[in-house]
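Everything numeric here is computed off the predicted structure, so don't read it as measured data. All chains are named by letter (A, B, ...) in the order of the sequence lines, taking the proteins before the strands, and each is independently numbered beginning at 1.
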Amino acid sequence: MKPLRKDAILWIENTLFLKYGNMGWWPAESPDEVAIGAILTQNTSWKNVEKSIAVLRQNRHLNCCAISSISRDELAMEIRSSGFYNQKSLRLHSLCSKVCADYGSLDAMRNGISLDEARNYFSAMNGIGRETLHSILLYALDLPVFVMDKYTERVLTRMGFMIDMKNVSSVEESFLSALDHDVDRLKNIHAMLDAVAKDYCQSRPKCRECVLNQNCDYWGKEVIVP
DNA sequence: GGCCAGGCACAGC
DNA sequence: GCTGTGCATGGC
């Protein structure tokens, strides 16, 4: 197992870039939509989230102030397909109400807020854990954090790197310093790592077998050049 | 029908 | 501190 040294991280970045290039990533049209998607995707596949997003979009509820203006019951019905809808409607409604009241939108919030301010603001909220927080900070507010999710963990582990999930912050710190706290590179490396996970774990049995038996080759011809 | 999905909070040790 | 559990729908 390789430690996550700077050269290893740069190697991952360069190698994946050859296949995927600039992905930009996070399928959303506004910062508000990023945050909404981040809550909805908690322990849920993106396909189910997409259906909820479509309903919200259709009803013109895909922004914080619109969500804060409807009832929690109505919101719960609209996001049903994402599962955990009672829990998520509560989390989403309180987040959106606060953002709408304090800033109007996440787009407006983006101007001039510091990383520490934003981190404190969101982590005080119910239902915003580490991953959701970091997704919002990076993809909605353009602040430099590394997003560690189940896909990222799985791919890095399968690539043979030492990932200690009990010490996530040290992993995150390794990526942050290796990538010079560059927001665009942080966005893209997470996107590329997730793309690898999706490309190689599209069918669950295959992925499960791959993880359990450690016999799946992320570095086959399709992924890597050298 | 069984298992799992891009978490999180909270109770009980 | 760590582990187990509830939350719930939809796809395979």
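- Whole-Å rounding puts the A:E153 CD to B:dA5 P distance at 11 Å.
- Summarising the geometry, the separation between OH on A:Y151 and P on B:dC4 is reported as 14 Å, rounded to the nearest angstrom.
- Note: A:Y121 and A:Y103 have perpendicular aromatic rings, judged against thresholds of 30 and 60 degrees for the angle between ring planes.
- Of the candidates B:dA5, B:dC10, C:dG10, B:dA5 carries the atom nearest the A:S45 side chain, counting heavy atoms from C-beta on.
- Between A:R80 atom CZ and C:dG10 atom C1' there is a gap of 11 Å when expressed in whole angstrom units.
- Taking the side chain as every heavy atom from C-beta outward, A:N43 and A:K150 approach each other to under 4.5 Å.
- Atom CZ of A:R130 and atom P of B:dC8 are 10 Å apart (whole Å).
- Going from atom CG of A:D149 over to atom C1' of B:dC4 covers 16 Å, rounded to whole Å.
- Annotation: B:dC10 and C:dA8 have their P atoms spaced 15 Å apart (nearest Å).
- Contact record, A:I39 with A:L95: CD1-CD1, 4.3 Å, taken as the closest heavy-atom pair.
- If you run side-chain contact (heavy atoms from CB on, under 4.5 Å) between A:P31 and each of A:L106, A:D142, A:V99, only A:L106 comes through.
- With a 4.5 Å cut-off on side-chain heavy atoms, A:I9 and A:S174 count as touching.
- Taking atom P in both C:dT3 and B:dG6, one finds a spacing of 23 Å when rounded to whole Å.
- A heavy atom closer than 4.0 Å to some atom of DNA chain C occurs in A:G83, A:F84, A:Y85, A:N86, A:Q87, these being the qualifying members of residues 83-90 of chain A.
- The residue A:H190 sits close to a base: some heavy atom pair falls under 4.0 Å.
- Within the nucleic acid shown, A:I39 has no heavy atom closer than 4.0 Å to any nucleic acid atom.
- If you take NE2 of A:H134 and P of B:dG6, they are 19 Å apart, rounded to a whole angstrom.
- The side-chain heavy atoms of A:L138 and A:V183, taken from C-beta on, include a pair separated by under 4.5 Å.
- Distances shorter than 4.0 Å separate none of the side-chain N or O atoms of A:N48 from OP1 or OP2 on C:dG10.
- Picking from B:dG6, B:dG7, C:dC12 the nucleotide with the shortest atom distance to the side chain of A:S135 gives B:dG6.
- Remark: A:D182 pairs with no residue by the salt bridge (Lys or Arg N to Asp or Glu O under 4.0 Å) rule, at least two apart or across chains.
- Atom CZ in A:R91 sits roughly 6 Å away from atom P in B:dA9 (whole-Å rounding).
- Atom pair A:K150:NZ and B:dG7:C1' shows a separation of 8 Å (rounding to whole Å applied).
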